[in-house]
Amino acid sequence: MHFLGITWNPNETLFNIGFIQIKYYNLLWITAFALGWFIMKKIFLNEKKSVEQLDSLFIYTVLSTMLGARLGHVFFYDWAYYSNHLVEILIPVRESDSGNLLFGLINGYEFTGFTGLASHGATIGIIIGTYLYTRKFPEFKMLWIFDRMVIPVAIGCFCVRLGNFFNSEINGKIVDENFIFATKFIRDSDDLHPSKALGITQEKTLNAAYAAIENNPQFSQYLAEIPYRHPAQLYEGVGYILIFVLLYFLYWKTDKKNKPGYLFGLFFVLLWTVRFLVEFVKKSQGGFEESLGLLSTGQWLSIPFILVGFYFMFRKTKTA
């Protein structure tokens with residue numbers, strides 16, 4: 001008998017517009033950017049900066065975040081696959097044997113949206129994008145932007161992890177069903193592969209197959225075989241909300257924003273420490289961890305960011 005354990009089986013797609021699938025994950029990404037723009041607008045107005053300058057920064061940030069996140073996933077975690085599927089790196093499609101016509105023209109692919117994005121890559125992308133922005137607008141300093149941008153980024157990270165939860169991806173390791181947060185992810189492909197779900201239920205769609213496994217007593221055996229796992233996405237998400245609250249408080253209620261790099265450094269230390277700790281209960285995401293050993297790919301990638309954060313927090317600098 002479990003305590004607060006839940007069975008998690010949401011349809012990740014809210015609705016379809018033709019061949020386009022509107023997913024929770026994509027909507028939460030949009031929400032993250034919308035919240036980011038709203039928070040940064042408040043900050044820019046407080047700092048006597050123009051909304052036009054913010055709009056330009058927003059465009060740079062959106063493009064660099066998405067491109068960096070995508071390339072980060074491709075190269076850090078799944079290059080073995082994408083090296084043989086180059087067209088899928090920057091186009092939101094995936095090779096399919098369903099016989100569907102993509103856009104009614106191209107056979108063998110289906111529209112999926114970008115489901116492989118990496119936060120470490122997004123961070124690198126934002127840094128590069130901000131550098132390019134300051135080249136075009138030299139009146140802005142990179143650290144001035146970073147010290148303010150980290151506030152909306154923190155809440156954006158929560159939105160992304162919530163999207164991962166709806167997608168039943170980046171799940172945690174197996175845990176006893178009596179654990180307070182034990183979660184049975186029916187759509188975890190490692191525990192119940194989509195092809196197996198379709199095969200045992202004989203349903204025509206994957207959503208119908210997963211629904212049958214959850215609700216039809218005929219398939220109770222297969223439901224029982226799915227293990228409970230840590231909802232690692234929610235652990236990270238809660239940590240990111242707390243980071244957002246702290247940074248928001250420090251910006252508006254203290255003078256920490258006047259020490260160039262301090263809020264940026266604190267954000268790096270806290271965010272990547274949360275990521276490092278949650279990795280201990282997170283299922284392996286692949287990458288180069290097998291060759292390095294000891295730590296996961298996510299933990300190895302987080303360590304340099306944490307060290308960079310400490311540097312910016314404690315380096316000697318003049319108050320702005």
Side-chain angles (χ1 to χ4, degrees), residues 31-62 64-65 68 119-120 122-161 235-278 302-320:
T31 300
F33 285 122
L35 286 174
W37 184 88
F38 177 80
I39 293 170
M40 284 297 286
K41 178 183 177 183
K42 185 176 180 181
I43 291 173
F44 262 52
L45 293 178
N46 180 62
E47 304 271 2
K48 303 298 187 291
K49 307 296 182 182
S50 72
V51 175
E52 288 74 16
Q53 292 171 318
L54 171 61
D55 288 340
S56 295
L57 177 61
F58 181 75
I59 293 173
Y60 275 83
T61 302
V62 171
S64 62
T65 300
S119 53
H120 295 91
T123 301
I124 296 172
I126 291 173
I127 291 173
I128 295 174
T130 304
Y131 168 75
L132 295 176
Y133 175 81
T134 57
R135 291 292 300 272
K136 185 174 182 180
F137 299 94
E139 64 269 26
F140 286 96
K141 302 298 182 183
M142 286 185 67
L143 284 181
W144 185 94
I145 295 175
F146 288 152
D147 283 332
R148 288 142 183 86
M149 185 184 292
V150 293
I151 302 171
V153 167
I155 197 65
C157 289
F158 163 74
C159 292
V160 172
R161 284 295 174 253
Y235 299 166
E236 273 192 72
V238 171
Y240 298 156
I241 288 178
L242 296 176
I243 293 171
F244 165 75
V245 172
L246 176 60
L247 293 173
Y248 193 88
F249 172 82
L250 291 176
Y251 174 83
W252 290 105
K253 301 298 183 180
T254 74
D255 62 353
K256 293 298 185 182
K257 62 179 175 292
N258 296 324
K259 181 182 178 183
Y262 181 84
L263 293 180
F264 171 64
L266 178 62
F267 169 80
F268 261 36
V269 171
L270 294 179
L271 182 123
W272 298 114
T273 296
V274 167
R275 174 66 182 271
F276 186 92
L277 294 176
V278 173
S302 296
I303 291 173
F305 289 108
I306 294 172
L307 296 177
V308 168
F310 276 122
Y311 167 77
F312 280 104
M313 284 182 69
F314 297 111
R315 70 189 185 117
K316 292 183 179 180
T317 184
K318 294 180 179 180
T319 301

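D147 approaches G261 most closely through the heavy-atom pair OD2-N, 2.7 Å. A32 and G156 get closest at one heavy-atom pair: CB-CA, 3.7 Å. Here the shortest heavy-atom pairing between S64 and G125 reads CB-O, 3.0 Å. When every heavy atom of Y60 is checked against every heavy atom of G129, the shortest pair comes out as CD2-O, 3.5 Å. Closest approach of E47 and K257 over heavy atoms only: OE2-CD, 4.0 Å.
Remark: F312 pairs with L143, F264, V308, R315 by the side-chain contact (heavy atoms from CB on, under 4.5 Å) rule, at least two apart or across chains. Scanning for side-chain hydrogen bond (donor to acceptor under 3.5 Å, both in side chains) contacts around S302 gives H120, with sequence neighbours left out. With sequence neighbours excluded, no residue forms a side-chain hydrogen bond (donor to acceptor under 3.5 Å, both in side chains) with W144. The side-chain contact (heavy atoms from CB on, under 4.5 Å) search around L270 returns I243, L246, L266, not counting sequence neighbours.
Applying the 6.0 Å contact sphere to CZ of F310 captures no more than 12 heavy atoms from other residues, nucleotides or ligands.
Atoms CE and CG, from M40 and L45 in turn, are 11.0 Å apart once rounded to the nearest 0.5 Å. Going from atom CG of L54 over to atom NZ of K41 covers 9.0 Å, rounded to the nearest 0.5 Å. Of the inter-residue distances, the one linking M149 atom CE with T130 atom OG1 reads 4.0 Å to the nearest 0.5 angstrom. I241 CD1 to C159 SG: the interatomic distance, rounded to the nearest 0.5 Å, is 8.5 Å. The distance from atom CZ of F38 to atom CD1 of I155, rounded to the nearest 0.5 Å, is 12.5 Å. Atom CG of residue L247 and atom CG of residue L271 lie 9.5 Å apart, to the nearest 0.5 angstrom.
Taking 4.5 Å as the limit, every side-chain heavy atom of L57 sits out of range of all side-chain heavy atoms of F140. N46 is listed as a side-chain neighbour of W252, based on a closest heavy-atom distance under 4.5 Å. With contacts defined as side-chain heavy-atom distances shorter than 4.5 Å, the pair R161/S119 qualifies. Between F244 and I151 the shortest side-chain heavy-atom distance falls below 4.5 Å. Residues D55 and W37 meet the side-chain proximity criterion, which asks for heavy atoms closer than 4.5 Å. Within the 4.5 Å cutoff, the side chain of W272 has heavy atoms near those of the T123 side chain. Counting heavy atoms from C-beta outward, V62 and F58 have side chains that approach closer than 4.5 Å. For the pair V153/Y240, no side-chain contact is recorded, criterion being any heavy-atom separation below 4.5 Å from C-beta on.
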Checking T254 against F249 for the side chain to side chain contact (heavy atoms under 4.5 Å, CB included) test, could you report, in this order, the C-alpha distance in whole Å, the side-chain angles of both residues, the deciding distance, and whether it holds?
CA-CA 7 Å; T254 74; F249 172 82; 4.1 Å; yes

Tell me, with the steps shown, if Y133 and I59 meet side chain to side chain contact (heavy atoms under 4.5 Å, CB included).
CA-CA 10 Å; Y133 175 81; I59 293 173; over 6 Å; no

Hey, mind stepping through K256 and L263 against side chain to side chain contact (heavy atoms under 4.5 Å, CB included) and telling me if it holds?
CA-CA 7 Å; K256 293 298 185 182; L263 293 180; 4.1 Å; yes

Any chance you could lay out the side chain to side chain contact (heavy atoms under 4.5 Å, CB included) test for K49 and R148, step after step, and finish with the verdict?
CA-CA 13 Å; K49 307 296 182 182; R148 288 142 183 86; over 6 Å; no

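A salt bridge (Lys or Arg N to Asp or Glu O under 4.0 Å) check over residues 266-278, counting only residues at least two apart or in different chains, returns the pairs R275-E279. Residue pairs meeting the salt bridge (Lys or Arg N to Asp or Glu O under 4.0 Å) criterion with at least one partner in residues 125-142, sequence neighbours excluded, do not occur; the list is empty.
Tested against F305 for a ring-ring contact (aromatic ring centres under 6.0 Å, His included), the candidates F276, F267, F268 yield a single pass: F268.
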